[in-house]
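As structure tokens, the structure follows; a few thoughts come after it.
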2 protein chains.
Amino acid sequence: MGHDSAGTDGASRRIPEATVARLPIYYRALVDVADRDVTTVSSDRLAELAGVNAAKVRKDLSYLGTYGTRGVGYDVKQLLAEISRDLGLTHDWAVAIVGLGHLGQALADYRGFGARGFRVAALFDADPAKIGRQVGGLEVSPAASIRAVASERGVRIGIIATPPHVAQAVADDLVAAGVSSILNFAPALLSVPGGVSLRKVDLAVELQILAFYQSRRSVPAAGG
Amino acid sequence: MGHDSAGTDGASRRIPEATVARLPIYYRALVDVADRDVTTVSSDRLAELAGVNAAKVRKDLSYLGTYGTRGVGYDVKQLLAEISRDLGLTHDWAVAIVGLGHLGQALADYRGFGARGFRVAALFDADPAKIGRQVGGLEVSPAASIRAVASERGVRIGIIATPPHVAQAVADDLVAAGVSSILNFAPALLSVPGGVSLRKVDLAVELQILAFYQSRRSVPAAGG
DNA sequence: AGGAGCTTGTGCATTCGATCACGAAGTCGG
DNA sequence: CCGACTTCGTGATCGAATGCACAAGCTCCT
């Protein structure tokens, strides 16, 4: 998916992209079992909770290191700590959200972030009517101030929830402010300098993928 | 990811899952170029617009059939029509959205849907304060009426944007109402009967994946 | 009409991810 | 202390997906 795998001396082990995408799922499942005061969990059980294959769980976790005990399973707390560390959730990342339409507000209010190592540190919008308003306990700043405000607040991760035609300009501003990871919800193709991670989520795309399988299922009866 | 590839006599060619996931991206790019009155597009250009490899574009499109002209490229209108047909966007799918928190409202107002073969036909929420209110020109119905209302309105695609603890119950109701494709935004693992497609989007997961690469990049300086 | 120049369609090699199957390593009961 | 049992870790295998390279086929110019 492009995450320029900059061969940065790779320090420890290199974790496959597919595995990285599953770590947050294991993480969530582990938080759930930890809440129920369960102390150990087997790969079988974890697989069930995460909706994947048990062998896959074991292989995925083996990339992080050897944290399981044969005959017993994984220590929930220890594994949770390890995944947190690997996902960087111990860092308290400062996040900026640009574009406070419905989606941006949904993200700003999202409870899950705070609990998972993310802190919404800045909100931006171009609409004068929105600037100065409080959303999720934080004041909305003008989009023109992204470079100044985001860099001042140490923002490292930017979320773009703007209309597509301004998304590239916003991305440029974010990068200029020192942001090095961008999550893009705008239906636009962004280009960023090397060294900046970029992920895209497109709600309409997900729906269209569903529609494809849907229309394959229902017999395409004649007559539109 | 599990779209039970029910060997339903698959009529035409079988299209690889990875290709299906890219079709909506090509679709969007094609809509853009069509708006600029361009009549033909090369695989190279389309690849650039979609952010992928040109050979991949050609191979992907070849699964749909032979719609390109060597030496020229693809006829934009024809290709658009073909992808629309394959994605089932010519069907005007009735969509129900359950849960009208910020995210649900964002989806209800999403302009892209109408233009792409989807019609929001029903809105549901369990909160009495929200029931009866108009959102995006449609009245919010009580969650208890999902089975009756959704089936009456011919809903085939359901979007779940509720808190996780009610997501499974909502999914059950949707399935009972005849919905056979579900897009789940709730951070919960759903189980649905065979024959029902299920896709999951988790905003926190996407962010955590970014955080992983982020924390790999920035040197983990000592002293947290 | 014929050849130069593009661009598609696709066989092939390679890389990546999923799954199986089994040895290694631990616990527990007697 | 030992053997039965459980569960992890991982080599090996298989299949999907990617990307290359090139033949096939179309257009346009001369």
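Spacing between atom CD of A/Glu17 and atom P of D/dA17 amounts to 15 Å, rounded to whole angstrom units. One interatomic measurement links the two molecules: OH of A/Tyr74 to P of C/dG26, which rounds to 14 Å at whole-angstrom precision. Nucleotide D/dT10 holds its P atom 14 Å from the CD1 atom of A/Ile15, rounded to whole Å. Look at CG on B/Asp75: it is 14 Å from C1' on C/dT8, rounded to the nearest Å. Here the P atom of nucleotide D/dG19 and the CZ atom of B/Arg22 are 8 Å apart, to the nearest Å. Here D/dC22 presents its P atom at 14 Å from CZ of B/Arg58, a figure rounded to the nearest Å. Rounding to whole angstrom units, NZ of residue B/Lys56 and P of C/dT15 are separated by 16 Å. Put simply, CG on A/Leu79 is 10 Å from P on D/dG9, counting in whole angstrom units.
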*So B/Asp86 and A/Arg216, salt bridge (Lys or Arg N to Asp or Glu O under 4.0 Å) or not? Walk me through it.*
CA-CA 8 Å; B/Asp86 268 296; A/Arg216 288 265 149 152; 3.3 Å; yes
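Comparing A/Ala18 and B/Asp44, the nucleotide of DNA chain C nearest to each residue sits closer to the 5' end for B/Asp44. Between A/Gly71 and A/Asp60, the residue anchored closer to the 5' end of DNA chain D is A/Gly71, taking for each the nucleotide with the nearest heavy atom.
Counting only distance, with no hydrogens or angles, the side chain of B/Gln208 and the backbone of A/Leu87 share no donor-acceptor pair below 3.5 Å.
At C/dG17, none of the side-chain N or O atoms of A/Tyr63 fall inside 4.0 Å of OP1 or OP2 (strictly under the cut-off). Proximity of A/Asn53 to the phosphate of C/dC20: a side-chain N or O atom is located under 4.0 Å from OP1 or OP2. Within the 4.0 Å cut-off from OP1 or OP2 of C/dT8, at least one side-chain nitrogen or oxygen of B/Ser43 is found.
Counting any heavy atom pair closer than 4.0 Å across all strands shown, A/Thr66 reaches sugar-phosphate atoms only and no base atom. At a threshold of 4.0 angstrom between heavy atoms, the contacts of B/Ala55 include nucleobase atoms, whether or not backbone atoms are also involved. Within the 4.0 angstrom heavy-atom criterion, no nucleotide atom of any strand lies near B/Arg45. At the heavy-atom level, B/Tyr67 lies under 4.0 Å from the strands shown only through sugar-phosphate atoms.
Here the side chains of A/Gln214 and B/Ser197 are not in contact, with every heavy-atom distance at 4.5 Å or above. B/Tyr27 is not listed as a side-chain neighbour of A/Val205, based on a closest heavy-atom distance of 4.5 Å or more.
Within 3.5 Å, a donor on the side chain of A/Lys59 pairs with an acceptor on the base of C/dT19, or the reverse. A donor N or O paired with an acceptor N or O is not found under 3.5 Å between the base of D/dT7 and the side-chain atoms of A/Arg70.
A salt bridge between B/Arg147 and B/Asp172 is absent, with no side-chain N of the basic residue lying under 4.0 Å from a carboxylate O of the acidic one.
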